[in-house]
Amino acid sequence: MDLEMLSRCHFMTQSVEVLMSFSTNVTVSAADSGVCRMSQSQLGHEQRSLLPSNGGSCHVASVRRRQTEICHSNAPDKPYRHYLCSLSHTQQTLFVCVCVFVDRTVQLTRLREKGGGDRDKCCDTSNSRICIQLILIMPVHRRQPSIELLELMGVVRENGNDQTALPPVHTPLSYDYVLVAKTIDKQDRETFKKQTEYIEELKKKNLKVTKIIDDDLIFYGIQAPKEIFEKYRYLLKVSDACNWSSDQNIVPLSTRIRIVHFILNHTPIRSGEGLRDLMKMKVFEARFCLHEKKKQRELKESWARWTACLQGQPITAVRNYFGEKVALYYLWLGWYTYLLIPPALIGVIVFLYGLAFFNSSPLIKEVCEADTVMCPLCDKRCKVWLLSDTCTYAKVSQLFDNNGTVLFAMFMAVWATLFLEFWKRHRASYVCEWKVSDWCEEEEELILEIVNDVNCAPKEYKHSYLRSTLVLICVTVMILVIIGLTHALVVFRVIAAVLLAEGSWEFLSNHSNSGAMMLGAVLHYVIITVMTRVNRIVAMKLCEIEKTRSFAATEKSFTVKMFTFQFFTYFSSLFYVAFFLGRINGHPGGYVRISGKWRLEECHPSGCLTDLFIQMAIIMVLKQTISNVFEFTGPWFCRWLKRRRTHKLQRKCAHCYLKDESEARHGAELCDNCKLRDWLSNYRLNDVDSFSLFHEFLEMVIQFSFTTIFVAAFPLAPLLALINNVIEIRLDAIKMVTLERRLVPKKTNDIGVWIDVLEAIGVLAVIANGLVIGVSSDFIPRLVYRYRYGPCANGTVTDTDCMVGYISNTLSIAHIDDQNINNEFLEGQMITPNGINVTSCSYKDYRSNEDYSLTPQFWLILAVRFAFVILFEHVVVIFKFIAAWFVPSAPMQVKNDRLFDKLNRLKEELRCVSSNV
């Protein structure tokens with residue numbers, strides 16, 4: 001049987017690449033065809049030595065001997081001979097067994113196909129009937145237990161053997177990159193000259209450039225020669241940090257895209273302008289790498305669809321298509337979403353715990369049944385009011401300011417630590433599977449610089465104290481500006497409260513403070529939206545001032561600055577509400593005023609925590625709802641608009657359709673019409689850049705901050721985050737796969753500086769929650785009242801509840817006959833809604849009714865507050881350290897696998913050196 005006859009079989013046309021592996025741990029499942037059978041008795045002695053007798057292992061020495069025979073044979077009828085010879089022993093992943101069937105050469109080859117399994121293929125020819133058996137011969141690969149656990153939990157869904165699958169290899173039908181420019185009528189224009197000059201520079205580097213014109217657009221398809229990738233592979237092997245990483249015998253399409261992307265961005269024209277500068281000058285309209293239709297369709301079916309919301313993610317498939325950086329983001333987001341389930345449930349329990357005491361709580365009863373007259377909340381138009389008018393407000397406060405929030409805050413602090421520690425384990429397992437544990441982004445950039453230009457000069461490490469000082473001053477000024485916006489927000493709330501109180505609408509007049517708080521929260525969201533754009537511009541300018549050495553260093557610097565600015569933008573107002581609202585406003589006769597005119601806000605007698613809850617609830621709901629709506633509808637509308645503006649794409653011709661659906665032969669290409677169709681469909685998608693993934697990470701890390709830092713004030717925050725993230729994962733997936741151009745695949749082994757940011761948030765969460773409980777909430781004043789001033793004080797047992805009288809105990813009285821008080825309020829303000837003229841009113845504070853000095857109870861409560869904060873933080877920090885120590889950052893199997901892998905590679909290198917000597 002010659003090679004031409006053998007190639008007529010259907011299975012032979014599906015793949016022409018054979019990957020091999022030499023390992024003693026091999027399992028073989030016996031093949032049994034219903035059409036034809038082949039027994040070992042029909043094979044020759046040499047061929048029987050290659051096959052297992054009872055489903056055991058192939059004899060390694062025999063396979064190696066047979067491979068050597070095939071490699072050194074010049075016979076033309078040896079299929080795959082050049083493939084076998086080109087692969088090294090250490091990088092082979094499958095066995096190839098050769099046997100003879102009825103005096104005809106038959107290749108028994110197990111081709112790696114999705115799902116695996118035994119394959120029996122038969123085909124009839126004019127001369128004879130040829131039966132070809134594919135025997136499953138595969139190295140035993142035991143996945144990391146951490147990955148198995150994630151799949152059992154439903155966080156990931158790797159479909160068995162897909163976990164060890166290699167990234168898709170480049171096919172001749174694919175172009176590495178595409179540039180798009182507008183057609184130019186007058187060819188003497190400067191734009192045309194620069195465009196032509198840049199294309200010529202690419203051709204000098206042996207890049208193949210295919211030009212196709214479509215109406216007013218010019219498409220340049222870029223394809224790199226094989227020599228560039230061979231050079232990259234060699235430099236990768238001899239590098240210090242990347243030599244043990246990844247598979248060095250193949251260059252998948254994702255790696256090709258990354259290399260060509262670097263070359264394009266580092267190819268200047270004679271004037272020194274690079275691709276980024278040319279795009280700013282509109283010499284080129286767009287640049288992008290192409291989506292692979294087949295892989296894109298597979299990701300749509302398994303991942304990028306709304307019906308898959310409750311299914312695990314195919315992380316390895318995402319890595320093969322978008323690169324390790326995107327895959328680790330989705331792995332982190334999936335793990336974060338899954339681990340939100342326990343705090344979401346506990347937060348609901350804490351909420352229901354407060355709800356259970358709606359009607360039985362003595363605090364609520366005291367507020368709702370009180371006839372206490374409270375002092376006016378503003379000047380001139382505001383009148384005295386009854387404490388019982390705020391019964392609903394007191395009930396809402398009880399939902400979030402109860403004893404359960406203390407334990408919940410402690411739980412969330414420890415939860416944040418466990419989340420990060422287990423994330424490190426899952427990350428280590430995956431990067432070990434992907435062989436990128438020792439990967440170094442900066443060293444790969446150095447390799448790419450050499451690939452791009454052999455005579456390149458290294459970018460030296462530099463440090464300038466002047467630049468660092470300038471950056472530090474600019475960051476400080478920017479933070480002060482953001483804090484100044486918070487002050488402006490406070491002024492807005494104060495003025496809004498006065499205007500609402502003086503308005504004609506009675507409902508708003510009676511609830512002016514709550515209305516002002518809600519309006520302030522909405523305005524805060526608007527400020528966040530505007531400042532996000534401003535912060536991005538400032539952070540980029542500061543990175544330019546720093547002149548970082550590499551893109552990895554630029555990305556790290558930009559991430560730290562951008563997160564710092566965003567953190568202050570989001571949380572400055574919340575810190576004011578949590579720790580300053582109602583504590584610096586003064587008292588009747590001595591109110592603190594803005595510009596001597598407007599009084600500062602006051603807390604409700606039931607506590608200040610409800611104001612913080614309102615702020616957080618409005619910002620989280622608005623941010624998550626509106627952001628997700630715009631995040632999805634924006635790209636979808638832009639794609640629809642581009643389709644409307646351009647002509648309808650032609651259908652792909654049948655000839656090219658068959659090429660695209662099958663494994664193309666070397667040198668095969670699509671016709672120009674089909675190329676143009678593919679390039680136009682990618683051009684119509686929304687643009688992406690190097691920081692597209694950064695925005696997704698930033699959004700989730702800010703949400704993580706909301707979920708942990710002020711969770712004591714808003715126990716339902718984890719539930720809202722959980723619901724949002726379930727939607728966010730699929731929304732981002734659909735957007736990346738179908739609505740946006742393909743991201744340039746980036747290789748990495750971690751989520752970068754984000755892990756340090758998350759750990760800093762975890763520490764800050766302990767401090768903030770301790771202060772919220774100890775300073776903002778009424779937990780400590782209630783505790784002091786119960787055991788020092790209440791009915792149960794000094795161990796006294798009574799039939800009444802120990803908290804009866806607490807509200808009255810927290811109120812002080814201002815007498816109108818005092819001259820200072822008389823000057824503070826007008827006579828018309830001291831008339832109750834019932835028309836009664838009062839001579840005194842109450843306000844929330846621990847002050848003497850005679851001279852308005854602070855009482856001993858205030859100082860006792862203050863001392864207990866600080867003691868609690870110190871105790872809370874120390875206890876929680878100790879628990880965090882214990883949790884971090886108890887959970888190793890990497891599983892032992894990962895460490896052992898890396899140890900044995902390096903040992904085997906070193907031995908292999910030594911054998912190669914010995915054989916050469």
Side-chain angles (χ1 to χ4, degrees), residues 354 357 361-377 384-403 405-406 513-514 577-591 600-613 713 772-793 800-815 821 840-866 868:
F357 292 95
S361 172
L363 303 181
I364 296 177
K365 285 184 177 180
E366 188 172 357
V367 172
C368 296
E369 298 174 1
D371 56 359
T372 305
V373 177
M374 305 297 294
C375 294
L377 297 175
V384 292
W385 50 284
L386 296 178
L387 180 60
S388 58
D389 294 341
T390 59
C391 179
T392 304
Y393 198 98
K395 291 181 178 179
V396 173
S397 299
Q398 183 65 26
L399 294 177
F400 305 101
D401 190 2
N402 55 64
N403 296 336
T405 57
V406 180
N513 274 5
S514 300
V577 174
F579 306 125
F580 298 100
L581 178 63
R583 292 170 179 80
I584 58 174
N585 60 307
H587 59 87
Y591 282 121
L600 288 179
E601 306 161 276
E602 296 182 32
C603 284
H604 188 269
S606 299
C608 298
L609 215 56
T610 305
D611 297 322
L612 181 59
F613 152 70
V772 167
I773 296 171
V775 177
S776 304
S777 76
D778 277 1
F779 174 74
I780 298 301
R782 292 171 189 169
L783 205 64
V784 172
Y785 178 79
R786 175 186 290 269
Y787 296 106
R788 184 70 177 84
Y789 298 99
C792 302
T800 59
D801 191 284
C802 294
M803 296 305 297
V804 169
Y806 168 76
I807 298 296
S808 299
N809 180 259
T810 61
L811 300 178
S812 299
I813 299 175
H815 299 281
I821 304 299
S840 64
C841 60
S842 300
Y843 61 98
K844 183 178 175 60
D845 207 344
Y846 294 97
R847 291 185 178 274
S848 168
N849 297 333
E850 286 76 28
D851 58 359
Y852 304 105
S853 61
L854 295 171
T855 62
Q857 185 177 354
F858 170 84
W859 297 108
L860 176 61
I861 291 174
L862 185 64
V864 176
R865 284 183 189 273
F866 283 116
F868 172 82

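Residues passing the side chain to side chain donor-acceptor pair (under 3.5 Å) test with Asp845, sequence neighbours excluded: Arg847. Here Ser808 pairs with Glu366 under the side chain to side chain donor-acceptor pair (under 3.5 Å) rule; sequence neighbours left out.
When all heavy atoms are compared, the tightest approach of Cys802 to Pro791 is O-CD, 3.1 Å. Closest non-hydrogen pair, Thr390 versus Trp385, comes out as CG2-CZ3, 3.6 Å. Here the closest non-hydrogen pair linking Tyr785 and Val804 is OH-O, 2.6 Å. Heavy-atom minimum distance, Arg865 versus Ser776: NH1-N, 4.3 Å. Closest of all the heavy-atom pairs between Leu581 and Val577 is CB-O, 3.5 Å. Annotation for Leu612 and Ala578: closest pair CD2-CB, 3.8 Å, computed over non-hydrogen atoms.
By the 6.0 Å contact criterion, OH on Tyr591 is enclosed, its count of non-hydrogen atoms from other residues, nucleotides or ligands being greater than 12. Counting non-hydrogen atoms of other residues, nucleotides and ligands closer than 6.0 Å to CZ of Phe580 gives a total of 12 or fewer.
A side chain to side chain contact (heavy atoms under 4.5 Å, CB included) with Met374 is found for exactly one of Leu386, Val384, Asp389, Leu387, namely Leu387.
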Worksheet item: Do Tyr806 and Asp778 pass the side chain to side chain contact (heavy atoms under 4.5 Å, CB included) test, and can you show the C-alpha distance, the side-chain angles, and the key distance before you say yes or no?
Response: CA-CA 11 Å; Tyr806 168 76; Asp778 277 1; 3.5 Å; yes
Item to complete: Carefully, step by step, assess Val772 and Phe579 under the rule side chain to side chain contact (heavy atoms under 4.5 Å, CB included).
Response: CA-CA 7 Å; Val772 167; Phe579 306 125; 4.0 Å; yes
Item to complete: Decide yes or no on side chain to side chain contact (heavy atoms under 4.5 Å, CB included) for Phe868 and Leu783, but give the supporting numbers first.
Response: CA-CA 11 Å; Phe868 172 82; Leu783 205 64; over 6 Å; no
Practice prompt. Given side chain to side chain contact (heavy atoms under 4.5 Å, CB included), test Val864 with Leu860 step by step and report yes or no.
Written response: CA-CA 6 Å; Val864 176; Leu860 176 61; 4.3 Å; yes
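With no hydrogens or angles considered, a side-chain donor-acceptor pair links Glu850 and Ser848 at under 3.5 Å.
Expressed to the nearest 0.5 Å, how far CG of Asn809 lies from CZ of Arg782 amounts to 13.0 Å. Here the NZ atom belonging to Lys844 is positioned 14.0 Å from the SG atom belonging to Cys375, to the nearest 0.5 angstrom. Residue Leu854 holds its CG atom at 8.0 Å from NE2 of His587, rounded to the nearest 0.5 Å. Ser361 contributes atom OG, which lies 8.5 Å from atom CE of Met803 (distance to the nearest 0.5 angstrom). For the atom pair CD1 of Ile780 and CG of Leu862, the computed distance is 11.0 Å after rounding to the nearest 0.5 Å. Between the OH atom in Tyr846 and the OG1 atom in Thr810 there is a gap of 5.5 Å [rounded to 0.5 Å].
Between Thr405 and Phe779, every side-chain heavy-atom pair lies at or beyond the 4.5 Å cut-off. Taking the side chain as every heavy atom from C-beta outward, Ser812 and Asn849 approach each other to under 4.5 Å.
Salt bridge Asp801/Lys365: absent, no basic N to carboxylate O contact under 4.0 Å.
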